[in-house]
Each structure stands twice: as C-alpha cells, then as structure tokens.
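Contents: one structure, followed by commentary.
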Amino acid sequence: MKFSESLKKNSDFQAVYGEKNSLANRSLVMYVRKNGLEKNRLGISVSKKVGNSVVRHRITRLIRESYRLNEHRFLPGYDFVVVARIYSKGKSQREIESSLLHLAGLHKITVNYEKDFD
RNA sequence: AAAGUAAGACGGAUGGUCGCGGCUGCAGAUGCAGACGAGGAAAGUCCGGGCUUCACAGGGCAGGAUGCCGGAUAACGUCCGGUGGAGGCGACUCUAAGGAAAGUGCAACAGAAAACACACCGCCAUGCAGUGCAUGGUAAGGUUGAAAAGGCGGGGUAAGAGCCCACCGCUCAGACGGUAACGCCUGAGGCAGUGUAAACCCCAUCCGAAGCAAGACCAGACAAAAGCGACAGAUUGGCCCGAUCUGCUUUAGGUAGGUCGCUUGAGGUUGCCGGCAACGGCAAUCCUAGAUAGAUGAUCAUCCGAGACAUAACCCGGCUUACAGUCUUACUUUCAGA
RNA sequence: AGGCCCAUAGCCAAACGGUAAGGCAGCGGACUCUGACUCCGUCAUUCUCAAGGUUCGAAUCCUUGUGGGCCUG
C-alpha cells in the first residue's frame with residue numbers, strides 16, 4: 001500500500017475507539033480518527049466469535065484487499081479501525097468492498113464520492 | 001457381479017492481470033528482475049524427546065504415569081511380532097490383559113442366607129400328641145438375585161452330602177516345546193479363598209523444575225517513599241531434614257525498541273544389504289516457509305464431478321478428533337459362467 | 001505457552017456407585033364476588049453436555065470430544 005500503513009499498537013486502537021466516531025452496516029463497523037499525519041493507517045479487528053482462524057484470516061485479507069484497490073479514493077490523514085461483524089462471514093470480495101466504500105462515504109472521507117461510486 | 005476386510009495415495013486443474021513475505025542479483029531514499037513460499041491433519045494440546053535456563057549435595061515422605069511376553073526407538077501411554085480372551089461364515093477386528101491365600105472397604109432392593117456361610121419352605125429320623133409341635137440330621141429340590149462354596153451322570157443312604165467313581169473344570173507337582181508370555185502331556189489332590197483393584201491398596205518399572213514471552217547480547221528509560229528482618233528470606237518447585245547465599249515485600253514512577261535463538265534436521269528421495277516386521281546399516285543425491293499485529297489473496301477466462309476439514313509461530317516422534325469426494329493394491333464370502 | 005474449574009427441568013441448584021432432593025416459574029384444584037397471599041397435587045420419560053468403556057448396576061469411576069468461564073507469564 002503506497003500511501004498507508006497498518007495500525008499496530010493496542011494503544012493506537014484504543015485512541016481510535018476513544019473518539020467514539022463510529023458507523024456501521026450489516027457487515028462492518030468503522031471507527032475513524034484524525035491522526036495529524038500525511039498518510040492513512042488502517043487497523044482490522046476480527047473477533048473470535050466470527051469463526052475459526054481460516055475464516056478470520058480470510059476476512060482480514062478481503063478487507064485489506066478492498067482498501068488497497070480503492071486506496072486512491074480515501075482522503076489522507078486518518079486512522080481507521082474496521083471491525084468485522086458475524087454477518088461478514090462467507091461474503092465475497094465484492095460485497096466486502098461495497099460495504100467498506102459505503103461506510104467510508106458515510107464518514108465523508110472519500111474523494112469524489114458521488115462521481116466514482118456509480 | 002454384489003457385499004465386505006485391510007493398507008496406501010490425492011485433497012479442483014490451466015493461463016492472464018493486480019497484490020503480499022523473506023532471499024539472491026542489479027541499481028542505490030524509492031525501485032526492477034529471478035526462483036521459492038502452509039497441512040494430512042498445520043487443529044486439539046493427550047503423551048514422549050531434543051534445545052535453553054535454573055538447581056546439581058544429597059536423603060526421606062508424598063505425588064503422578066505405565067502394567068500379558070519379546071523386540072524397535074532419542075523416548076513414549078507409540079509402533080511391530082507373538083500369547084491368552086471376546087466377536088465375525090470368513091478376510092480380519094477389538095482387548096487398562098500384574099496381584100483378591102498382605103490388609104481395609106463395598107455388594108442397594110429382593111432373598112432363609114451376600115462371606116470364620118446359613119436353614120425359610122422342604123426331605124428324613126426320634127419323641128409327644130393326633131396331622132401339628134419339639135429335638136436332631138441333611139443341603140438333593142423350591143423361592144430371590146448380577147452373583148448362592150464346582151458341573152453332569154452313576155453308585156451310595158433313613159434322607160442326603162466329593163461320601164465314593166467316570167468325564168469336564170480347578171489347584172499342585174513333574175516332563176517336553178518355546179528367549180518369554182504360554183502351550184501340550186502325565187500324575188496327584190478331592191474342591192478350598194464369590195465378585196469388585198477404571199474402590200483404597202500391594203508389587204514392578206519410569207519421572208528434578210520450568211518453558212522460545214525459554215534464554216543471550218546491544219541500545220535506552222526510571223531509579224522515589226513506606227514497611228519487614230538474621231528466631232528472617234531466597235535457591236526450593238508439594239512437604240521435611242540437610243547444604244549454599246544475603247536482603248526481601250508493597251506502593252508510586254518508568255521502559256517494553258533492535259539483533260540472535262530461527263530453521264541442515266533423530267531431514268527427504270532412490271538403490272543395495274540385514275530383519276517375518278516395526279526398524280537399522282551403507283552409498284548416491286536434494287535443500288524444500290521462517291513471518292513478528294503476523295505473508296498464499298482478489299479478479300477474469302476455459303473445463304468438470306462445482307471443490308470438504310482446516311492456516312506454520314522453536315523443532316521433531318506419536319496419539320486423538322474433523323473431513324466433499326476420487327483413485328490404487330491385496331485378500332474374504334456369496335452368486336453366475338467356463 | 002502453561003494451568004484450573006464448570007455443564008443436572010424454562011431459571012437457581014442438591015445428590016457415600018443402588019428408584020435424580022429442594023426452591024422459583026408453569027399447569028390443575030381449593031380458598032375468594034374477582035385478583036394477590038396461603039394450602040394441596042402435578043411437572044426430568046428413553047434419563048444428568050456427547051460418544052465409548054469399567055461394573056450386576058454410572059449423574060457419580062476411566063478415556064476421548066463439544067461448549068462455556070477463570071488464572072499466570
């Protein structure tokens with residue numbers, strides 16, 4: 001990912017959660033916080049309740065892939081935490097991608113949202 | 001052909017585009033190219049071992065595990081071969097399978113009696129009285145139960161009883177075969193000590209503790225207050241003795257970055273040799289993930305039977321459990337044909 | 001990585017290897033004009049999370065698994 005890196009420390013996650021700026025749909029929950037940097041940082045959280053290691057790991061990959069393919073649409077300078085809900089189990093890449101973009105649009109952190117998302 | 005038994009293999013395929021991990025080469029902030037990149041269970045964490053650190057001055061008591069015999073192995077609760085037992089027509093499968101005459105406990109209900117046996121209904125004898133009572137003998141028959149102190153047949157007797165005899169079982173002794181478990185044969189005893197040890201236990205064998213967040217090094221941060229105390233505390237792990245060492249506890253504050261360990265190993269493949277086999281020996285050949293919030297994915301096209309279970313985290317040997325389906329080999333039974 | 005515990009009716013739960021207590025809730029009845037309180041009765045039905053085993057007999061003992069919770073670093 002060219003403009004982004006991943007969120008690593010537990011304290012960073014807690015900072016994003018502490019902002020209480022969250023929106024959700026059936027598959028995902030997204031927390032957003034301004035980080036004051038030039039780039040974005042993405043954190044992904046999949047609970048043990050969603051499934052076993054294979055299921056959790058696959059959802060993680062799908063979310064990361066969805067972000068990577070649409071990285072150019074996101075405004076820089078934000079930390080995101082994306083939490084997968086149980087409904088996202090067994091979903092395809094396209095469903096995860098559309099659900100991620102839907103949440104990003106609601107947060108108004110995408111570039112040319114109206115025009116791109118036809 | 002059908003049904004089955006055992007052993008083993010595979011776990012969507014091919015190509016294009018984008019993307020990820022460390023490695024090598026080129027270039028040198030960035031990037032480009034190349035080959036490589038999860039499993040049979042990577043899972044559960046049920047055992048065993050390596051490795052590392054601690055203790056090495058040990059001893060005792062506890063505690064845990066295993067449990068027919070022989071072998072394999074680094075080791076095992078695993079594997080191989082055999083013995084006994086159980087199941088199946090069979091191929092074959094299963095088997096925690098030492099000790100109940102060392103001791104303790106337990107055996108509800110039912111039943112006369114549940115463990116130095118006993119005597120309710122019976123049977124027999126004697127006495128009294130008149131169809132019952134008392135005393136004695138007996139355990140063949142009846143009832144209960146999961147289990148009733150050998151089984152069955154004959155002799156014997158007042159009635160009976162291993163009281164006597166044959167066969168079977170059991171116990172003991174001896175011979176033979178086998179490394180052994182054990183098998184088999186002969187003789188004797190004359191039947192005693194029911195079951196339960198996945199109840200306590202006894203016997204034999206084994207077990208020091210912790211775990212890669214082990215541990216080693218580099219860099220860096222904080223280093224303040226209170227309390228306890230040589231009759232204490234730590235090493236020390238469940239306890240005690242012994243030995244060695246000298247601080248320890250709590251609160252507050254502060255750091256949690258990097259390198260190594262980290263993948264060449266009881267390693268894989270092939271061939272030959274030894275062994276019934278597990279396995280071992282020799283030779284040749286191959287290098288085949290090493291991440292550190294954690295890499296295998298997305299998408300398009302074609303094909304089919306439309307793809308199960310499940311993602312390494314120090315490493316190996318097993319066990320157990322999950323699994324859509326596909327294939328191979330050997331063998332058994334039944335049916336049909338020659 | 002290492003260790004510990006639990007699972008019994010809708011809920012809370014007890015039970016030396018010998019017929020699975022008790023309370024709340026539910027259902028039926030009594031009391032009352034009606035309801036509450038109170039009293040009486042009933043409710044585990046192929047059976048103690050599942051599958052095997054030991055035993056004459058298992059909720060209990062053993063093995064394996066499933067689900068849940070907790071502790072240490």
Need the pair for [N]. Rule: Watson-Crick or G-U wobble, both distances under 3.5 Å, any strand; none if unpaired.
| N | result |
| --- | --- |
| B:rG4 | B:rC331 |
| B:rA42 | none |
| C:rC61 | C:rG53 |
| B:rA147 | none |
| B:rC239 | B:rG60 |
| B:rG337 | none |
| B:rC18 | B:rG297 |
| B:rG70 | B:rC80 |

- Are side-chain heavy atoms of A:K108 and A:L75 found at a separation under 4.5 Å? no
Does [N] sit syn or anti, given that only angles within 90° of 0 count as syn?
| N | result |
| --- | --- |
| B:rG162 | syn |
| B:rU288 | syn |
| B:rG40 | syn |
| B:rA38 | syn |
| B:rU196 | anti |

- Query: Is any side-chain N or O of A:E65 under 3.5 Å from a base N or O of B:rG19, one able to act as donor and the other as acceptor?
  - Reply: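 In this structure, the two groups form no donor-acceptor pair.
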- Message: For B:rU311, does the base pair up with any side-chain atom of A:R61 as donor and acceptor (N or O, under 3.5 Å, distance only)?
- Response: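 Check passes, donor-acceptor contact within cut-off.
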- Query: Under 4.0 Å: is that the gap between some side-chain N or O of A:R94 and OP1 or OP2 of B:rC300?
  - Reply: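 Checking A:R94 against B:rC300: at least one side-chain N or O falls below 4.0 Å of OP1 or OP2.
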- Message: OP1 or OP2 of B:rA295 versus the side-chain N and O atoms of A:H57: is any pair under 4.0 Å?
- Response: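 Affirmative; the distance criterion is met.
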- Message: Checking A:Y78 now: which residues fulfil ring pair (Phe, Tyr, Trp, His ring centres under 6.0 Å) with it, not counting sequence neighbours?
- Response: none
- Which listed nucleotide (B:rU299, B:rG294, B:rC18) is nearest to the side chain of A:Q93?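 The answer is B:rU299.
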- In terms of the angle between their ring planes, are A:Y67 and A:F74 parallel, tilted or perpendicular, with boundaries placed at 30° and 60°? tilted
- Message: Please list all pairs meeting salt bridge (Lys or Arg N to Asp or Glu O under 4.0 Å) that have one or both residues in residues 74-85 of chain A, counting only residues at least two apart or in different chains.
- Response: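 Applying salt bridge (Lys or Arg N to Asp or Glu O under 4.0 Å) to every pair that reaches into residues 74-85 of chain A, excluding sequence neighbours, yields A:R41-A:D79.
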- Query: Backbone N or O of A:Y31 within a donor-acceptor pair of the A:N21 side chain at under 3.5 Å?
  - Reply: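 Checked: no pair found.
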